[in-house]
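What follows is a single structure, written as structure tokens, with notes after it.
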Amino acid sequence: MSFSQKVLQWYQEHKRELPWRNTKDPYKIWLSEVILQQTRVVQGTPYYHKFVKAFPTVQDLANASEEKVLKLWQGLGYYSRARNLHATAKIVVTEYEGKFPDTYEGLKRLKGVGDYTASAIASISFGIPEPVVDGNVYRVLARYFGVEIPINSSQGIKYFKTLAREVMDRKNIRDYNQAIMEFGAIQCAPKKPYCLLCPLNDGCSALKENRVADLPVKLNKTKVKQRYFNYLVFLDPQMRTQLEQRKGKGIWQNLYQFPLVESEKLIDGEELRTQIQALDLENQIKSISLRNKEPVVHKLSHQHLHTRFWMVELAKDLKEGISWKQTIDFPVPVLIADFIKTFKI
DNA sequence: AATTCGGGGAG
DNA sequence: CTCCCAGAATT
């Protein structure tokens, strides 16, 4: 039996029932694929249900506000996915008569749709013989065929795409693409795969050479940058606070947060006070008190945010104050959501 | 070719 | 702690 046939047979016996497996609707396939980019199935599934319920069609998504989309996306991370999702929905509705492109090239032109996602939609929705290469596929192919080329080198990206194309089942690409990913996720797992029971253990190069743990090869560990955040949690006489939207480049674009003072290192109340003076606060400050003596360390994949929350009591009302209750309506980073959740006035 | 985008779960 | 997840866009 061929490589692809073995994978397909394993899939028939072991596949999970997932909500997007029962449709070919390109809208729902696209939605599921974007949600699952760099995201585990168990983490993404609740979001898929939320989005399908809130936006049954691409028109519903296009007609929504970006804030509503971001709010639904809150907690999933990589928020450019949500912004691009919304932008693409608008394009599909206004320029493509509500229909998704039915070619790989057409799909690839959509914002937030790269090589993997275009291949996934093309194959799953339209049966186009285009191989998907995600993290699972890299692992399965690298191990089975004993490929030592780093998967995140430009050479590796080309090599694995070509290899994936050679071994795919073009007659049944819809199932095959999902099968090899599922196989990588469940059977050929990153750590301690149970090779003894693997249907591919016969021809697996890595198993034969005892290098399962060494493949795939991956380069470049990102260095983590340390940042120091001081959030100003204003409270005016009406017990209202203030949120502002993050603009420009960097993390959490278009999400909301408390007014932020970033510093080069941990600072005390005195230093913070001088920083705030520069902001020319119109509302005079009655008091500043630190909520958390030990900074909350919020860890992103490439930066650690050492965060202090300062309660700033004001003598005068804020111009655009928000009642504490309303803060939960805004899309915010998990760091802020956790604080709002635990903070009781 | 490298870096930058989040958050969570497994080991 | 480290690694990695149905990756894409930007520099």
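Each chain gets a letter, A, B and so on, in the order its sequence line appears, and its residues count up from 1. No experiment lies behind these values; they were computed from the predicted model shown.
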For A:Phe309 and A:Phe343, what are the C-alpha separation, side-chain angles and deciding distance, and is it a ring-ring contact (aromatic ring centres under 6.0 Å, His included)? CA-CA 10 Å; A:Phe309 293 92; A:Phe343 179 70; 9.2 Å; no
Evaluate salt bridge (Lys or Arg N to Asp or Glu O under 4.0 Å) for A:Glu209 paired with A:Arg143, printing each intermediate quantity in order. CA-CA 10 Å; A:Glu209 307 286 337; A:Arg143 285 175 175 170; over 6 Å; no
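Inter-residue side-chain proximity for A:Met181 and A:Tyr116 is flagged as met; some heavy-atom pair is nearer than 4.5 Å. Looking at heavy atoms from C-beta onward, A:Leu290 lies in side-chain contact with A:Asn292 at the 4.5 angstrom threshold. Inter-residue side-chain proximity for A:Ile251 and A:Leu305 is flagged as met; some heavy-atom pair is nearer than 4.5 Å. Looking at heavy atoms from C-beta onward, A:Pro333 lies out of side-chain contact with A:His298 at the 4.5 angstrom threshold.
Within 4.0 Å of A:Gly250, counting heavy atoms only, lie sugar-phosphate atoms of the nucleic acid but no base atom. Heavy atoms of A:Trp73 sit nowhere under 4.0 angstrom from any nucleic acid atom. A:Leu18 comes within 4.0 angstrom of a nucleotide base, judged by non-hydrogen atoms across all strands. Backbone-only contact: A:Arg139 has heavy atoms under 4.0 Å from sugar-phosphate atoms and none from a base. Within the nucleic acid shown, A:Val334 comes within 4.0 Å of sugar-phosphate atoms alone, with no base atom in reach, counting heavy atoms only. At a threshold of 4.0 angstrom between heavy atoms, the contacts of A:Thr117 are confined to the sugar-phosphate backbone, with no base atom among them. A:Val41 comes within 4.0 angstrom of sugar-phosphate atoms only, judged by non-hydrogen atoms across all strands, and of no base. Among the atoms of the strands shown, none is found under 4.0 Å from any heavy atom of A:Ser80.
Between A:Lys249 and A:Asn152, the residue anchored nearer the 5' end of DNA chain B, judged by the nucleotide with its closest heavy atom, is A:Asn152. Looking at which nucleotide of DNA chain B each of A:Asp338 and A:Gln155 is closest to, the 5′-most match is held by A:Gln155. Mapped onto DNA chain C by nearest heavy atom, A:Ser301 and A:Gly114 fall at different nucleotides, with A:Ser301 at the one closer to the 5' end.
In the hydrophobic clustering (ILVMFWY side chains linked at under 4.5 Å, chained through shared members), A:Leu207 is joined by A:Val212. Residues A:Tyr194, A:Leu196 make up the rest of the hydrophobic cluster containing A:Leu197, defined by ILVMFWY side-chain heavy atoms closer than 4.5 Å, directly or through other members.
Nucleotides B:dT3 and C:dA6, compared at atom P, are 25 Å apart to the nearest Å. B:dG6 sits 15 Å from C:dT11 when the P atoms are compared, rounded to a whole Å. Across C:dA8 and B:dG9, the matching P atoms stand 24 Å from one another, rounded to whole Å.
Looking at A:Thr39, its side chain has no donor and acceptor atom pair within 3.5 Å of the base of B:dG7.
Side-chain N/O atoms of A:Gln74 include none lying less than 4.0 angstrom from OP1 or OP2 on B:dG7. Of the side-chain N and O atoms in A:His302, none sit less than 4.0 angstrom from OP1 or OP2 of B:dT3.
Rounded to whole Å, atom P of B:dG6 lies 18 Å from atom CG of A:Leu36. In this structure, A:Lys299 atom NZ and B:dG8 atom C1' are separated by 13 Å, rounded to whole Å. We find that NZ of A:Lys341 is positioned 13 Å from C1' of B:dG7, with the value rounded to whole Å. Whole-Å rounding puts the A:Leu305 CG to B:dC5 C1' distance at 13 Å. Between the P atom of B:dG6 and the NZ atom of A:Lys225 lies a distance of 14 Å, rounded to the nearest Å. The distance between atom CD of A:Gln43 and atom P of B:dG6, rounded to the nearest whole Å, is 13 Å. Rounding to whole angstrom units, CD1 of residue A:Ile251 and P of B:dG7 are separated by 8 Å. Atom-to-atom, CG of A:Leu76 to P of B:dG6 comes out at 11 Å; the value is rounded to the nearest Å.
Geometrically, A:Lys99 does not engage A:Tyr96 in a cation-pi contact, judged by NZ or CZ lying under 6.0 Å from the ring centre and within 45° of the ring axis.
No side-chain donor-acceptor contact under 3.5 Å links A:Asn172 to the backbone of A:Tyr176. The backbone N or O of A:Leu219 sits less than 3.5 Å from a side-chain atom of A:Asn152, completing a donor-acceptor pair.
Judged purely by distance below 3.5 Å, without hydrogens or angles, the side chains of A:Arg21 and A:Gln178 pair a donor atom with an acceptor atom. Checking A:Lys71 against A:Gln74 by side-chain atom types alone, a donor-acceptor pair falls below 3.5 Å.
Bounding nucleotides for the chain A contact on DNA chain C, 5' to 3', at a heavy-atom distance below 4.0 Å, are C:dC1 to C:dT11.
Contacts between residues 159-185 of chain A and DNA chain C, defined by a heavy-atom separation below 4.0 Å, involve A:Met181, A:Glu182, listed by number.
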What N/O pairs connect the protein and nucleotides 9-11 of chain B at under 3.5 Å? Give each pair on its own line.
none

With a 3.5 Å cut-off and sequence neighbours excluded, list the donor-acceptor pairs that the side chains of residues 134-141 of chain A form with protein atoms.
unit_1: A:Asp134; atom_1: OD1; unit_2: A:Asn136; atom_2: N; d: 3.2
unit_1: A:Asp134; atom_1: OD1; unit_2: A:Val137; atom_2: N; d: 2.9
unit_1: A:Asp134; atom_1: OD2; unit_2: A:Asn136; atom_2: ND2; d: 3.0
unit_1: A:Asn136; atom_1: OD1; unit_2: A:Arg139; atom_2: NH2; d: 2.8
unit_1: A:Asn136; atom_1: OD1; unit_2: A:Ala185; atom_2: N; d: 3.4
unit_1: A:Arg139; atom_1: NE; unit_2: A:Cys188; atom_2: O; d: 2.7
unit_1: A:Arg139; atom_1: NH2; unit_2: A:Gly184; atom_2: O; d: 2.8

